[in-house]
Every structure is written in structure tokens, then in C-alpha cells.
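All chains are named by letter (A, B, ...) in the order of the sequence lines, taking the proteins before the strands, and each is independently numbered beginning at 1.
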Amino acid sequence: MHRYRTHNCAALRASDVGSIVKLSGWVHSKRDHGGLLFIDLRDHFGVTQIVIPADSTLLETVEKIRVESVLCVTGKVVAREGDTVNPKLPTGEIEIQAEDIEILSSAAVLPFQVNGNENYPEDLRLTYRYIDLRRERIHRNILLRSNVISSLRNRMIAQGFTEFQTPILTASSPEGARDFLVPARLHPGKFYALPQAPQQFKQLAMVAGFDRYFQIAPCFRDEAARADRSPGEFYQLDFEMSFVTQEDVFETLEPVMEGIFREFAPNHEISPAPFERIPYKTAMKEYGSDKPDLRNPLRITDVTSAFDGSDFGLFAKITAEGGEVRAIPAPGAGGKPRSFFDKLNGWAREEKMGGLGYITFDETGAAKGPIAKNLDEARCEQIKKACNLQNGDAVFFVAGKGLEMIKFSGTVRTKIATELNLIEQNAFRFCWIVDFPMYELNEETGLVDFSHNPFSMPQGGLEALNNRDPLEINAYQYDIVCNGIELSSGAIRNHRPDIMIRAFEIAGYPEEEVEKRFGGMLNAFRYGAPPHGGAAPGVDRIVMLLTDEPNIREVILFPLNQQGEDLMMCAPAPTTPERLKELSLALNLPKVAVKRSENAPE
RNA sequence: GCGGGUGUAGCUCAGUUUGGUUAGAGCGUCGGCCUGUCACGCCGAAGGUCGCGGGUUCGAGCCCCGUCACUCGCGCCA
């Protein structure tokens, strides 16, 4: 018989009755009836009930052990009878009559319980992550993550991709975030940067002729955390392909995404490929966002002309000053009580957006509400028609200028659909956002700036850069969005040094500067570079969607807290003067940091 | 850096409309009882600087000011 186990804790069935077995695992729960004692023994695979009979000499030992102690149990599989069968357990038809129990490891009193669904404070969970990870939900999440990654690998390899590891200790890359730096001992005063993404390396792999690269790539960015954004490090399915157009990239990633979501969310509706392609400008106009949630059926309509020159002074003034009015339909809300509209208006005020105007259409189609009073019938009818409204519907208005108005229209779209319960449930809806502008106007400086990745190929190439208004040029730059969450951005890259230098020139970078900062890659493109493109969907976010977890830390094995600290391993940590000297570093701590480290518990 | 929320027993939380004697419950822990439980049950006990500091008051868990921690969001960041 094996030293520790003949079966795992999910294996035994009625057909095993009579056999002598050995199981090892944690004491999930203990029910002591005085004479008789039950243990639920748990391992990675499941739970099996152990019985210690009334006359057993084991009783004395077992009575003393705490839950989460680790036992090795030898005994006989016996059938449970009648109502002692537990239909909730896969192993519920049997139990193990213990003949010998070895305590492999006894547990101290726990900081929180493994058994049960209680919520515990996150810092406690992170300090004792190894206990937290025993709990069913998080254990399942992490396992799912592993399976997702494994499936992603298989799907990519099946499509002819090759996995490579790119450097972790590398040079600063221009993704826009703050780098993590590592001091180089052999080069005093110099630093490695951890990669914000393997962007340049994967492009260089294409130049090297590998045709299709992918990697489950760790990325490092020294920026603040969010619920859906890990501080410090995260993982992407980073990939790149040679000799492809934008459509080729889409057609390659679509079956991977659709397949993954079908595999791991079998009870959800999944967008079938090809996913809808939505130009950036359309997305901003109709969804008020560059990451629209397609589960939300509402569409935003431009109704500026219906208010331009109208008697509704507030909006007429805004349109006269070059502002716009956007309408968000609220199907079936025409009959809602006044309080419904007041509540939304109050919400808009809390969002610091002045308020939220509306018109309701009653069952006869008559327009009602404060705005309708000041708007002639033809204009109301125009709005009704433009927004495709029926009798009994309502419509909300957002008026203003620029990005702020657009973003708020998107927020209102989400809010109304949520209030009216219109968001499709149990569905994953994908789309591509395409035709991102190559440049944007920096509002602070008034200068032209890259709006996304500077390495994207401008649509129209060098000709467009030379002859067109930079702000009118689109890039072969795209995002893939699922349920309103940006899973990835990507691009067809600029593989032509002449176009790249011109592209940077427009954004105000002289040629010498470009050569200095990106000379490595630029040079590579001078020795024969294939046209190439790719993307890098975030693994953590895919798993968040699949597990329906609102917080990224629920899908990461050992996450940092919001402050970027590892509470379990106590990182980051101070170092010794000897190490600092070796690295040619001297500390220059701000007062706050000194205070904080003084207060830190040892 | 800024704004919101939270902070009471090891853990989850309650603490009343308006400040009033000794701050409660459940889980867990410890002790006792219990031969069919699977959220076992029953009896009992221990366990509290009400995050911390200051203020108002005869009196503060509760009101005021400051501060710290955690968290959500903004800024930042694909």
C-alpha cells in the first residue's frame, strides 16, 4: 500500500465497498458525537467522510485535533445506508471506517475558516493566502485560470504559433507606463527595466522570421491598482503574426476567444465569430464609449438638430455654442412614475453633470415632461423617429461638448439599461473597435500627440502622413472588447523606418531622438522586415469574466494588495547597507516613507 | 496626489429616533455532555485600548477635529 494514499478524496464510490483504502487530506470538518465521530477529509479533488466507530481506540487522538490538520487515514470502504447517504457529495454513498489514523501535520487555530462562504477582509486573506486558497471558490478560480492558460496555449499552437520567452531584465520600453527598475550591479548607476510588454521583442521575432509568436507573457507596470487592474504585474496572451492584414489578425484571434469562452462558460451565450467591427467614431457616438457593452441593447442618437434653435433655452444655448445633444432611449419607461425620472436626475447631479433631461411618450404618443413643454410637436416627433421610439417609451438627453459629453452619454446608457433591467444575462458579447485615430490633440499643450501605440501603421501609409491632416488619419489599431471590458488592444505595426520617422516627426520627435530611443528596432527594420501585427489579450481579465469575479485578486494565486505589497512574503522590503553599497546606491527617503517604515510591524 | 466607503471580540456583524449603569449575537477557541452526523446538537467559559490621537460634555462606540489602515473610484495606466 502506498505511503500516503491509494485514492484521492473524490474517488470512492459504492462499487468500492469492502476494499481497504488509504486517504490523505485536510480535516474539513469534524462532528464529534461523543462515542461516534465523523471527519470530512478534504483534498484538492473532493471530500470523503471518515467514521471513527464508538469502540475505536483512535477516538482519543482524533478528538484533540483541529480542523485543517492533515491526516492519513487507513480504513475500510463501507456503504452508507438509507438516509445516511449524502446526495450532496459525489462520495456520499460510502464512508471510510477508520482503522488507523496518522496525524501528518496538526493545525493551529486558524485566522479564518476554510469551511463556509463567509467573507473575510482582504488583508487577512492575503496574509494567509495559502489558507485562503484552500477555500472552494478561490481554489476553483485558480484552477480555472490554469486550465484557461493551458487551453489558450493549445489553441495558439494549433494555429501555428510558437511560444518564446522574452527577456525580463531588459531596457525601458515606451508603452507609456512607469517602468520597474532593477539596479545593475556590474554597471553602477545603470538600471534594467522590467518589460511593460514584450512589444519590441515580439516584433523583432517577426523580423527574425519566426512567422507566428505567442507567449503567456508577464508584464510589469509601476502604476496604481484598480479592482480590475493588478498593481505591478499581470499576464497577457501576447502574440504577433507576419505577413498579415488587420482582418487576418481578427480571424486568428476570434476562434481562440470564442473557443475559450465556449469551453469554460458552457451556460453562456457567446458571440459567434466574426465579431462585430465597430469604428472608433461610431462607438463613441452610438455607445458613448470605446469599449461598448453589447449586452446593452440601447443605442445613442445625435438629436442636436431637434434642439438647435428650439424654444428649450438650455439646450438651444448649448447647440448655439457648438455643443451637441445626444438621446438615450428608455424603452417602456414612458409610464414610469415621476420619482423614476427624479431619481435619475438626482443621480446625474451626483455625477456632477448638471442633470438629466427627458421626454416621455404616453400610450397615445403624446410627448410629456418639462422639456416637451418647451419643444414644438414636430421636434418631439423628430426625436421619436430618430431614436426609433414607440408610444409608451421615454428618452433621456445629454447635452454638452466634447469628450465629457460623449463619456457621460455612455454612462447614462449603462445606467438606464441597468435601471430598466435590459442588460442581457449569461452572455459574452464581443466586438472589435477599429480605426482608432493615429493622433490626438493634447489638450494641455495644444500639440499633436500619438493617441495610442506609436508603432502602429497609419492607414494610408507615408502618403497620408505627408498629405493629410494628422488628426484625420486613422491607424491600423484595434481593441477587442467583451461585455464592456477591454480585453486587448493590438495593431498592424509600422515596419517601415521611413514611415516611422515621419510619424514621430508629426508628433514632434526629431529623427535623432527616434534613432536614440528606438534605434534597435528601427535598425532591425532596415535589414528586411515583414509586415506584421498582433495583439495581447489580458489573461487575468479573461478569467475574471469567466469566473464573474469583480476583483482581479480573486483570479491570481498570490496577488499584491492595492499598495503593491505582498503581505505574506513581506515585499517590498528594505535591504542592507552592504547590498546598497554593492549596487552603488544611496537612499534619499522622503519623510513620509521613513515614517511609514518606522510604523511597520516587525 | 484627490474624492467616496469602511474600521466594535480571532472572524462576520448588531449597537436602538436623541450621548446615559456592567458594549451584545453568531462563527471560531477552550471545558463538559452526546452512537448517524454531514452548517451535528446541548450546557458552560474565556475572549474588547470600540483603528489611533485630541476635543466638546457631568458623561462619548455614538457628536466634532486630526490621523492611520484597508477598499472603491478619479488622476495614472491598455
Asn117(A), CG: over 12 other non-hydrogen atoms inside 6.0 angstrom = no
note = Regarding the side chain of Arg226(A), the nearest nucleotide among rC76(B), rG36(B), rC27(B) is rC76(B)
ask   = Contact class for Asn115(A) vs. all strands (heavy atom < 4.0 Å): base, sugar-phosphate, or nothing?
value = nothing
Heavy-atom neighbours of Lys407(A) NZ exceed 12 at 6.0 Å = no
ask   = Are any non-hydrogen side-chain atoms of Leu487(A) and Phe430(A) less than 4.5 angstrom apart?
value = yes
task = Under 4.0 Å between any heavy atoms, over every strand shown, what does Arg80(A) touch: base, sugar-phosphate, or nothing? Just pick one.
result = base
task = Give a yes/no answer on whether the side chain of Arg125(A) brings an N or O atom under 4.0 Å of OP1 or OP2 in rC11(B).
result = no
inquiry  = Both Lys30(A) and Ala54(A) contact RNA chain B. Taking the nearest nucleotide for each, which residue is further toward the 5' end?
reply    = Ala54(A)
query = Within the structure shown, what part of the strands sits under 4.0 Å from Glu81(A) by heavy-atom distance: base, sugar-phosphate, or nothing?
reply = nothing
message = For a quick check of understanding: with a heavy-atom distance under 4.0 Å over all strands, which category does Glu118(A) fall into, base, sugar-phosphate or nothing?
response = sugar-phosphate
ask   = What is the nucleic acid contact for Asn561(A), judged by heavy atoms within less than 4.0 Å: base, sugar-phosphate only, or nothing?
value = sugar-phosphate
ask   = Taking the side chain as C-beta and beyond, is there a heavy-atom pair between Arg229(A) and Phe234(A) under 4.5 Å?
value = no
ask   = Would you say Arg31(A) reaches rC40(B)'s phosphate, i.e. side-chain N/O to OP1/OP2 under 4.0 Å?
value = yes
key: Nucleotide of rG28(B), rG36(B), rU71(B) approaching Gln49(A) most closely (side-chain heavy atoms)   = rG36(B)
task = From the options His495(A), His532(A), Glu240(A), select the one residue that forms a side chain to side chain donor-acceptor pair (under 3.5 Å) with Gln203(A).
result = His532(A)
inquiry  = By the 4.0 Å heavy-atom rule, please label Gly35(A) as base, sugar-phosphate, or nothing.
reply    = sugar-phosphate
Nucleotide paired to rU6(B) in any strand shown, Watson-Crick or G-U, under 3.5 Å = rA69(B)
query = Counting only Watson-Crick or G-U wobble pairs whose two distances fall under 3.5 Å, which nucleotide matches rC30(B)?
reply = rG44(B)
note = Closest of rG10(B), rA39(B), rC76(B) to the Lys88(A) side chain is rA39(B)
ask   = Looking across every strand, which nucleic acid part, if any, lies under 4.0 Å from Pro53(A) by heavy atom: base, sugar-phosphate, or nothing?
value = nothing
message = Just to be sure I understand the rule, does Glu68(A) reach a base, reach only the sugar-phosphate, or reach nothing, if contact means heavy atoms closer than 4.0 Å?
response = nothing
query = Think Arg553(A) has a side-chain N or O under 4.0 angstrom from the OP1 or OP2 of rC72(B)?
reply = yes
ask   = Would you say rC76(B) has OP1 or OP2 under 4.0 Å from some side-chain N or O of Arg221(A)?
value = no
Closest listed nucleotide, where the reference is the side chain of Asp123(A) and the choices are rC70(B), rC40(B), rC76(B) = rC70(B)
query = At under 4.0 Å, does any side-chain N or O of Gln562(A) touch on OP1 or OP2 of rU71(B)?
reply = yes
request  = Under a 3.5 Å limit for both distances, which nucleotide forms a Watson-Crick or G-U wobble pair with rC50(B), could you say?
outcome  = none
key: Residue closer to the 5' end of RNA chain B, Leu124(A) versus Glu95(A) (nearest nucleotide)   = Leu124(A)
query = Nearest to the side chain of Asn86(A), which nucleotide is it out of rC76(B), rU29(B), rC38(B)?
reply = rC38(B)
ask   = Between Phe112(A) and rC11(B), do the rings stack, that is, sit under 5.5 Å apart with planes less than 30° off each other?
value = no
ask   = From rC76(B), rU29(B), rC72(B), pick the nucleotide closest to the side chain of Asn551(A)?
value = rC72(B)
